[in-house]
Chemist: 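What follows is a structure written as structure tokens; I'll ask about it next.
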Protein chains: 2
Amino acid sequence: MFKRILIAEDQETQNISLQKTLAELGAAKPEYVYYCDDALTWIKNAVKTEQPYDLLITDLYFEEDHNRQKITGGTELIKAAKEVQPDLKILVFSGESKTAVIDMLFKEMNIDGYVRKARHDGQYLKLAINAIHNHKKYLSPDLKLARKENNSHDFTDLDIAIISQLVEGTPQKNIPYYLQENNIKPSGLSSIEKRLNLMKEVLGFSKNEQLIAYCKDVGII
Amino acid sequence: MFKRILIAEDQETQNISLQKTLAELGAAKPEYVYYCDDALTWIKNAVKTEQPYDLLITDLYFEEDHNRQKITGGTELIKAAKEVQPDLKILVFSGESKTAVIDMLFKEMNIDGYVRKARHDGQYLKLAINAIHNHKKYLSPDLKLARKENNSHDFTDLDIAIISQLVEGTPQKNIPYYLQENNIKPSGLSSIEKRLNLMKEVLGFSKNEQLIAYCKDVGII
DNA sequence: AACTCTGCTACGGTTTCCCGTAAGAATAAT
DNA sequence: ATTATTCTTACGGGAAACCGTAGCAGAGTT
């Protein structure tokens, strides 16, 4: 089993239960930090003293507080950690369920496992750690199923820009100016109308208000 | 200290750390369930056998799975539990941070404490349980700060009805019919316009889209 | 009962948005 | 180079939303 494990998780109770879960697995007593910057420092020191960590378990989103951090999120931490120690195994433990985010982690960040904070997360953590120890990838099963969203629209940068401007209060007729200044094209008013219509049609809406509410719900804005 | 505590929390690791936190406090070994329906059943049985619980610690949002539940969320659980045992103390432990939701819990559900799942939640849980044991209310400090929302608007039932209709896609000019059918008055189109203007003015907005986004953010809809 | 005060509603003018059509630009195909 | 295709933009009529004004109904006061 892994000998040196580092936990990066800001939520105190989650951090505690991670430690306990690892203890049940027979892993060595893990070390743990509450901030990303600390995590990177510890990883660097461990490499320097030639006792590097075997596994990093990290959350994705950390809350800001009075301690200003250079690294503010799990993704950046992973990237920085991989630069220091490319062979470090990474297990992400987060509430995030959007497939776009998780796919990116596996493909671009090359993480080794993802467990979502959800009903059976304790069991899945154990399975994940075992799998990773055997040099396999792991994804918690509640996410493998979650691919049923069907009539969702692929929001382009343009779409998001338009919606963001609406949420900012920009009148529709003024959005072309904004798009031109930010070199987003197309920028014509008709194109904006067309794009809004397309989004609403695909999602079965008739008014902008519905679209805004939907985007808020799924976290696009 | 409390003698009988019930934990309702679907996330396995959170459930574990709650148990551990209570153990550190010197509370009796708590009982725990992963579903709201189970929680209510246990509360009922405890009342029936005249060994009622002293404290219920519950999450707000539970995930659906193959076990179909009658009670799907913490708020409904609290309501049902209070009917069975009105003097049951309630501590809500959830990630929710929207003031509208939390205010509702204290005012309408008459809960005794709220701790947000966040950085120092372990410490706050202990403080909360002690406070509740001394018949005081408790709110975790990370939320007290967020309460300084300044130019917030008191949303009336009418306001919420109007906004809900907009989110449903009802054209503004048709909302009067809806209001009349639901015996909400005033129902005139001018009143709706006036109300929308008031809301937007107070919050410094100019367009409905901004208002919808704001309401989504603070959890009014 | 007459009066004020307050709040709801109805009406009209202006602006914005909606939507279809068609002209223009850019890219691809022959 | 010419044609085809696709994408972008411009224009104009009609609908909806916006905004100020004025009339109307009910509650309370004298």
Side-chain angles (χ1 to χ4, degrees), chain A residues 151-218 220-221, chain B residues 151-218 220-221:
Chain A
N151 59 346
S152 72
H153 170 71
D154 278 352
F155 288 84
T156 66
D157 290 346
L158 173 64
D159 295 337
I160 294 169
I162 293 171
I163 291 170
S164 300
Q165 281 301 300
L166 287 178
V167 169
E168 292 288 319
T170 311
Q172 213 161 299
K173 69 185 176 73
N174 292 345
I175 295 183
Y177 304 136
Y178 168 84
L179 294 178
Q180 280 170 25
E181 293 192 358
N182 292 70
N183 292 326
I184 302 172
K185 56 185 175 180
S187 65
L189 183 54
S190 291
S191 296
I192 293 169
E193 293 171 347
K194 188 181 168 187
R195 207 65 209 160
L196 278 169
N197 276 341
L198 177 65
M199 289 189 267
K200 284 186 276 190
E201 187 193 337
V202 170
L203 296 164
F205 297 153
S206 61
K207 313 239 44 162
N208 282 354
E209 283 89 341
Q210 295 173 284
L211 184 61
I212 302 294
Y214 172 83
C215 290
K216 276 286 176 188
D217 278 337
V218 300
I220 290 168
I221 48 174
Chain B
N151 54 349
S152 75
H153 169 72
D154 277 352
F155 288 84
T156 66
D157 290 346
L158 174 64
D159 295 337
I160 294 169
I162 294 171
I163 292 170
S164 301
Q165 281 300 300
L166 287 177
V167 170
E168 292 289 320
T170 311
Q172 211 161 301
K173 69 185 176 74
N174 292 347
I175 295 182
Y177 304 137
Y178 169 83
L179 294 178
Q180 280 169 25
E181 292 193 358
N182 291 71
N183 292 325
I184 302 172
K185 55 185 178 182
S187 64
L189 184 54
S190 291
S191 296
I192 293 169
E193 293 171 346
K194 188 180 168 188
R195 208 65 211 162
L196 278 169
N197 277 339
L198 177 65
M199 289 189 267
K200 285 185 275 190
E201 186 193 339
V202 170
L203 297 165
F205 297 153
S206 61
K207 313 239 44 162
N208 281 355
E209 283 89 340
Q210 296 173 283
L211 184 62
I212 302 295
Y214 172 84
C215 290
K216 277 286 177 189
D217 278 338
V218 300
I220 290 168
I221 49 174

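To find a chain, count down the sequence lines: A is the first, B the second, and so on, and within it residues start at 1. Hydrogens, waters and symmetry mates are skipped; everything else that's a heavy atom, side chains included, is used. For clarity, every value in this text was computed on a predicted model and none was experimentally measured.
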Chemist: As an exercise, state the distance from NZ of A:K194 to CD1 of A:I192, rounded to the nearest 0.5 Å.
Modeler: 13.0 Å
Chemist: Assign a letter to each nucleotide of nucleotides 23-28 of chain D from its 5' end: B, base within under 4.0 Å of a protein heavy atom; S, sugar-phosphate only; -, no contact.
Modeler: ------
Chemist: Measure across B:I184 and B:A161 and return the closest heavy-atom pair with its distance rounded to 0.1 Å.
Modeler: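 Here B:I184 and B:A161 meet closest at CD1-CB, 3.9 Å.
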Chemist: Mind running a 4.0 Å heavy-atom check of residues 165-173 of chain A against DNA chain C and sending the residues that fall below it, in number order?
Modeler: A:P171, A:Q172, A:K173
Chemist: For B:D157, does the CG atom sit with more than 12 other heavy atoms under 6.0 Å from it, leaving out its own atoms?
Modeler: no
Chemist: Could you tell me from which nucleotide to which nucleotide of DNA chain C, 5' to 3', there is an atom under 4.0 Å from chain A heavy atoms?
Modeler: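 Extent of the interface on DNA chain C: C:dT16 to C:dC19.
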Chemist: Quick one, which residues of residues 180-191 of chain A touch DNA chain D with a heavy atom under 4.0 Å?
Modeler: A:P186, A:S187, A:G188, A:S190, A:S191
Chemist: Which salt bridge (charged side-chain N to carboxylate O under 4.0 Å, His left out) pairs, counting each pair once, include a residue from residues 198-208 of chain B, with sequence neighbours left out?
Modeler: none
Chemist: Over how many whole Å does the gap from B:L198 atom CG to D:dC19 atom P extend?
Modeler: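 My rounded result for the distance is 13 Å.
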Chemist: Under 4.5 Å between any side-chain heavy atoms of B:V167 and B:I212, yes or no?
Modeler: yes
Chemist: Compare every heavy atom of B:L166 with every heavy atom of A:E209, then report the nearest pair and how far apart it is.
Modeler: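 The answer is CB-O, 3.6 Å.
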Chemist: Nearest 0.5 Å, please: how far is CG in A:L198 from CG in A:L203?
Modeler: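 Reported to 0.5 Å precision, the distance equals 9.0 Å.
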Chemist: Taking the side chain as every heavy atom from C-beta outward, state whether B:F205 and B:M199 have any atom pair closer than 4.5 Å.
Modeler: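 The answer is no; the side chains never approach within 4.5 Å.
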Chemist: With the side chain counted from C-beta on, respond yes when A:I220 and A:I163 share a heavy-atom pair under 4.5 Å apart, and no when they do not.
Modeler: no
Chemist: Whole angstrom is fine here: how far is it from CE in B:M199 over to C1' in D:dA17?
Modeler: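 From B:M199 CE to D:dA17 C1': 15 Å.
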Chemist: For B:K216 and B:I221: C-alpha separation, side-chain torsions, deciding distance, then whether side chain to side chain contact (heavy atoms under 4.5 Å, CB included) applies.
Modeler: CA-CA 6 Å; B:K216 277 286 177 189; B:I221 49 174; 4.3 Å; yes
Chemist: What is the separation between atom NZ on B:K194 and atom C1' on D:dT21, rounded to the nearest whole Å?
Modeler: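 Answer to the nearest Å: 13 Å.
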Chemist: Rounding to a whole Å, what distance do you find between A:N197:CG and D:dT8:C1'?
Modeler: 15 Å
Chemist: To the nearest Å, give me how far apart CG (B:N208) and P (D:dC19) are.
Modeler: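 Nearest whole value for this atom pair: 10 Å.
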Chemist: For B:L158 versus B:P186, what's the shortest heavy-atom pair and its separation?
Modeler: CD1-O, 3.8 Å
Chemist: Tell me the closest heavy-atom pair linking B:I162 and B:I175, and the distance in Å.
Modeler: O-CD1, 4.1 Å
Chemist: B:N174 and B:T170: which non-hydrogen atoms are nearest, and at how many Å?
Modeler: CB-CG2, 3.9 Å
Chemist: Can you give me the bend angle of the helix from C:dA1-D:dT30 to C:dT30-D:dA1? Use the axis through the first five pairs and the one through the last five, nearest 10 degrees.
Modeler: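 Helix axis angle between the two ends: 20°.
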Chemist: To the nearest Å, how far apart are A:L158 CG and D:dT8 C1'?
Modeler: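 Going from A:L158 (CG) to D:dT8 (C1'), I get 12 Å.
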Chemist: With a 6.0 Å cut-off (strictly less than), is the heavy-atom count around CG of A:D217, excluding the residue itself, greater than 12?
Modeler: yes
Chemist: Just the rounded figure in Å: distance from P of D:dA16 to OH of B:Y177.
Modeler: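 In whole Å, D:dA16 P lies 11 Å from B:Y177 OH.
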Chemist: Work out which heavy atom in A:P176 is nearest to a heavy atom in A:G188; give both atom names and the distance.
Modeler: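 Closest approach of A:P176 to A:G188, heavy atoms only: CG-C, 4.3 Å.
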Chemist: Are any of A:K207's side-chain N or O atoms less than 4.0 Å away from OP1 or OP2 of D:dA16?
Modeler: no
Chemist: With distance as the sole test, does A:S164 use its side chain to make a donor-acceptor pair with the main-chain N or O of A:I160 at under 3.5 Å?
Modeler: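 Yes, A:S164 side chain to A:I160 backbone: donor-acceptor pair under 3.5 Å.
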